[in-house]
Amino acid sequence: MAMKYPSLKYRFCGMDFNSPIVLLSGCVGFGEEYTRVEGFSNCDVGAVCLKGTTGTARLGNRPHRIYETPAGMLNAIGLQNPGVNHVVDQILPSLDFSETRFIANVSGSTLEEYAEVTARFDNSPIDAIEINISCPNVKEGGVAFGNIPEMSARVVEACRKMTDKPLITKLSPNQTDIVENARLCIEAGSDALAVINTLMGMAIDIHARRPVLGNIQGGLSGPAIKPIALLKVHQVFQGVCKTHGIPIIGQGGITTAEDALEFLIAGASAIGIGTALFYDPLVCKKINQGVSRYLESKNLTLDKLIGSLELG
Ligand SMILES: Cc1cc2nc3c(=O)[nH]c(=O)nc-3n(C[C@H](O)[C@H](O)[C@H](O)COP(=O)(O)O)c2cc1C
C-alpha cells in the first residue's frame, strides 16, 4: 500500500514504522480487533502491541473490570489471555506483517515465567518484545516488579538472556524514582522504554458501599493521566535516555495531534494510543494528519522535532 505520510516514516529500534504511532497493549486485542473498523488502514500505525501474554491461559479478574472516570477509565482486566503457545501458534500466523510491526507484551508472575514467555516469542515472527513489569511478583508478597528499580532490572535481565529481538521495557509510574528505574533497566539490556503504564486508582459504589472493580483497584488511563505521563517522559528522556540514545514510546492519555506533538517534543520517538481508540477508533488518521501538517508548517523533520524541548 502507498505511503500516506512520508514525513512520518520512522526507524524505531531497528524497525521501519509507517508512522510514530503504536497501538497500545490491551486496547486492540491481539491485533485482529482494529482491522475490522471501517476506514482503518495498516498504514496509519507503525506498530501494534498485542495484549499482555503469560505462560499459560488466564481468565482474568472477576467483574467489573472497567469503569469510566472523568477524562479516563479504570481497568482491572487481570491479564486475560489464551497463553503464549496459543498466541504464537494460532494468532501470529493470522496477522498481516506486510505494513505493520507487531510487538508482543510479555507478562508474568515470576522471573521464570517472564523468561519462558520471552523465549517462546523469540522463536516466532514477532518484531519486538515489550516487557510489562507492572505485574505482581507472587514470590515476593505480590508487589509489582515494576515498582522497585532493582526488581525491574532483574526482569529485564531474565528476558534479555532469552532474545536478541528489540526489548522494550514498559515503566510503571507507581514508584518514587522512575529515572533510576529506567537507568537500571537500560543497564540490564533494554533497547527502548515505554513510558508510562497506568496509575493505580479505585472507585466506590456508594449505594452498595463496595468497590466498583472486582479487583478493588485498577489502572487509570486516558486524558486524566496525560500531564503526569508527559512529565515522566520528560524526566526519563532528560535523565537517562538522551545520553544513552535509548528511544521512548511515550504514552498516557494521548488523544490529539497536539498531545502527540507534546510527547515528541519532550523526547518520545514514538507515541502510544490506547484509551482514545475506545471512543474514536480512527483517531490515528487525525493524529497523523495533524503531526504531518505541523512538521510541514514548521519546516521540521520528525528527527529534529524529537526531544527539541527548549529549557531555560
Ligand atoms: C483495557 C486496558 C487493558 C490494558 N492491558 C494492558 C496489558 O495487557 N499490558 C500492558 O502492558 N498494558 C496494558 N494496558 C495499558 C496500556 O497499554 C497503556 O499503557 C495505558 O492505558 C496508557 O495509555 P492510554 O492512556 O493511551 O490508554 C491496558 C490499558 C487498558 C485501558
Side-chain angles (χ1 to χ4, degrees), residues 24-27 49 51-56 58-62 65-67 72-81 84 104-118 129-160 167-190 192-203 211 213-222 224-225 228-229 231-233 235-236 248-249 251-252 272 274-275:
L24 295 176
S25 182
C27 302
C49 272
K51 174 71 187 149
T53 302
T54 48
T56 51
R58 290 198 194 181
L59 289 173
N61 291 327
R62 61 195 180 97
R65 308 207 293 191
I66 53 172
Y67 181 71
M73 68 189 269
L74 285 167
N75 92 81
I77 308 296
L79 291 175
Q80 180 186 355
N81 80 96
V84 69
N105 181 272
V106 168
S107 305
S109 302
T110 59
L111 289 176
E112 294 75 20
E113 187 177 10
Y114 276 105
E116 173 202 328
V117 178
T118 302
I129 296 170
E130 177 177 77
I131 318 171
N132 174 10
I133 53 173
S134 298
C135 306
N137 180 350
V138 294
K139 288 191 182 161
E140 291 185 39
V143 176
F145 291 94
N147 290 13
I148 301 166
E150 291 74 21
M151 204 123 86
S152 307
R154 279 165 59 202
V155 178
V156 177
E157 212 173 68
C159 297
R160 181 76 286 171
L167 208 50
I168 304 157
T169 307
K170 186 163 180 176
L171 299 181
S172 167
N174 304 306
Q175 56 174 310
T176 45
D177 194 350
I178 198 169
V179 177
E180 172 68 355
N181 201 328
R183 195 176 58 76
L184 293 188
C185 289
I186 292 167
E187 283 171 12
S190 192
L193 299 173
V195 183
I196 57 172
N197 208 325
T198 52
L199 285 134
M200 295 317 288
M202 83 178 283
L213 295 172
N215 187 53
I216 303 176
Q217 58 177 329
L220 180 66
S221 62
I225 70 169
I228 301 167
L231 176 63
K232 299 293 172 197
V233 167
Q235 291 172 332
V236 169
I248 298 172
I249 307 175
Q251 59 198 268
T275 302

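All values below were derived from every heavy atom in this structure, side-chain atoms included, with hydrogens, water molecules and symmetry-related copies excluded.
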Hey, is Arg154 close enough to Glu150 for a salt bridge, meaning N to O under 4.0 Å?
no
Which atom pair, heavy atoms only, marks the closest approach of [X] to [Y]?
X: Asn61; Y: Ala76; value: ND2-O, 3.0 Å
X: Ser25; Y: Lys170; value: CB-NZ, 4.3 Å
X: Gly55; Y: Glu116; value: CA-OE2, 3.8 Å
X: Ser190; Y: Val156; value: N-CG1, 3.7 Å
X: Ile133; Y: Leu171; value: CD1-CD2, 4.1 Å

Return yes if some donor-acceptor pair links the side-chain N/O of Asn181 with the main-chain N/O of Gly146 below 3.5 Å, else return no.
yes
Only one of Val195, Leu199, Ile225 clears side chain to side chain contact (heavy atoms under 4.5 Å, CB included) with Pro173; which?
Leu199
Report yes if some heavy atom in the side chain of Ser109 is under 4.5 Å from a heavy atom in the side chain of Arg58; otherwise report no.
yes
Can Asn81 and Thr54 be counted as having a side-chain donor-acceptor contact under 3.5 angstrom?
yes
Do we see a donor-acceptor contact under 3.5 Å between the side chains of Gln175 and Asn147?
no
More than 12 heavy atoms of other residues, nucleotides or ligands under 6.0 Å from CG of Leu111: is that the case?
yes
